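Quick caveat, the model's predicted, so the values are computed rather than measured.
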Amino acid sequence: MTQYDDIYEIGADNYGLVTIAEVKKLGISRKVMNALTARGRLLRRGYGVYKLAHYIPTPYDVYAEAVALVGSNAYLYGESVISMLELAPTNPARIFVATPARVRKTLPEHIIVIKADYQPTNYDGVPSQSVTDAIRASMKSVMPDRLIDTVEEARRQGYIKETERIELLDELDAS
């Protein structure tokens with residue numbers, strides 16, 4: 001296998017994305033990454049994040065890329081979890097990503113970084129805040145009626161249990 005094949009294996013399982021940290025573990029240098037980028041095999045998406053040039057896009061790509069750009073401990077947060085899972089319509093122009101670490105790098109304007117320290121889960125391979133926590137985090141920014149519908153849809157799709165549904169509806173009723 002070539003080094004590109006190794007890189008492709010990582011990207012194929014990660015929405016076409018590979019990071020410098022991942023390829024370094026395979027012994028692949030930045031020089032090789034730069035050469036593959038110059039040849040058009042990889043696209044540089046941000047500091048230390050590359051995308052396979054030949055990759056079939058999915059609806060989750062923008063979310064996976066936003067999380068990768070923020071860093072290794074980052075995860076999707078609040079309204080963006082709700083949007084990615086199509087539990088309710090939200091503002092697609094912004095993607096909220098949380099991380100416990102300080103972020104000093106320049107990110108695209110559509111990525112909003114939140115300093116938070118939840119234990120993330122994974123939805124379709126994208127590190128994310130749990131649906132229950134995402135709904136709670138959205139209570140300040142999303143209309144209560146829309147969140148009630150979100151809670152019901154999350155229960156219908158199996159993302160939350162009945163006890164969580166009742167708790168969330170009680171919290172929404174109290175607010």
Donor on one side chain, acceptor on other, Ser138 and Glu79, under 3.5 Å = no
task = Ignoring hydrogens and angles, tell me if any N or O in the side chain of Ser128 forms a donor-acceptor pair with the backbone of Val126 under 3.5 Å.
result = yes
key: Exam field: side chain Asp5 to backbone Thr2, donor-acceptor pair closer than 3.5 Å   = yes
query = Can a donor-acceptor pair be found between the side chains of Asp133 and Tyr118 at a distance below 3.5 Å?
reply = no
message = As a quick check of understanding, evaluate side chain to side chain contact (heavy atoms under 4.5 Å, CB included) for Tyr15 and Asp124, giving each step before the final call.
response = CA-CA 10 Å; Tyr15 297 99; Asp124 292 308; 3.5 Å; yes
query = Is a side-chain donor or acceptor of Lys105 paired with a backbone partner of Leu69 at a separation under 3.5 angstrom?
reply = yes
query = Under 4.0 Å between a Lys/Arg side-chain N and an Asp/Glu carboxylate O for Lys161 and Glu164?
reply = no
message = Glu22 and side-chain contact (heavy atoms from CB on, under 4.5 Å): which single residue from Ile28, Asp6, Asn14 fits?
response = Asn14
remark   = Heavy atoms of Ser80 and Tyr63 approach each other most closely as O-CE2, 3.9 Å
query = Do any N or O atoms from the side chain of Lys115 and from the backbone of Pro100 form a donor-acceptor pair under 3.5 angstrom?
reply = yes
query = Does the pair Ile95 and Glu65 meet the rule for a side chain to side chain contact (heavy atoms under 4.5 Å, CB included), with working shown?
reply = CA-CA 10 Å; Ile95 298 177; Glu65 184 173 306; over 6 Å; no
ask   = Do Thr37 and Asn34 get their side chains close enough for a donor-acceptor pair, meaning under 3.5 Å?
value = no
message = Can you confirm if the NZ or CZ of Arg45 lies within 45° of the ring axis of Tyr50 and under 6.0 Å from the centre of its six-membered ring?
response = no
task = Step by step, work out the side chain to side chain contact (heavy atoms under 4.5 Å, CB included) result for Leu26 and Gln3.
result = CA-CA 9 Å; Leu26 299 175; Gln3 288 180 319; over 6 Å; no
ask   = Would Tyr123 and Tyr159 count as a close aromatic pair, with their ring centres under 6.0 Å?
value = yes
query = Looking at Glu152 and Arg155, does any basic side-chain N land under 4.0 Å from a carboxylate oxygen?
reply = no
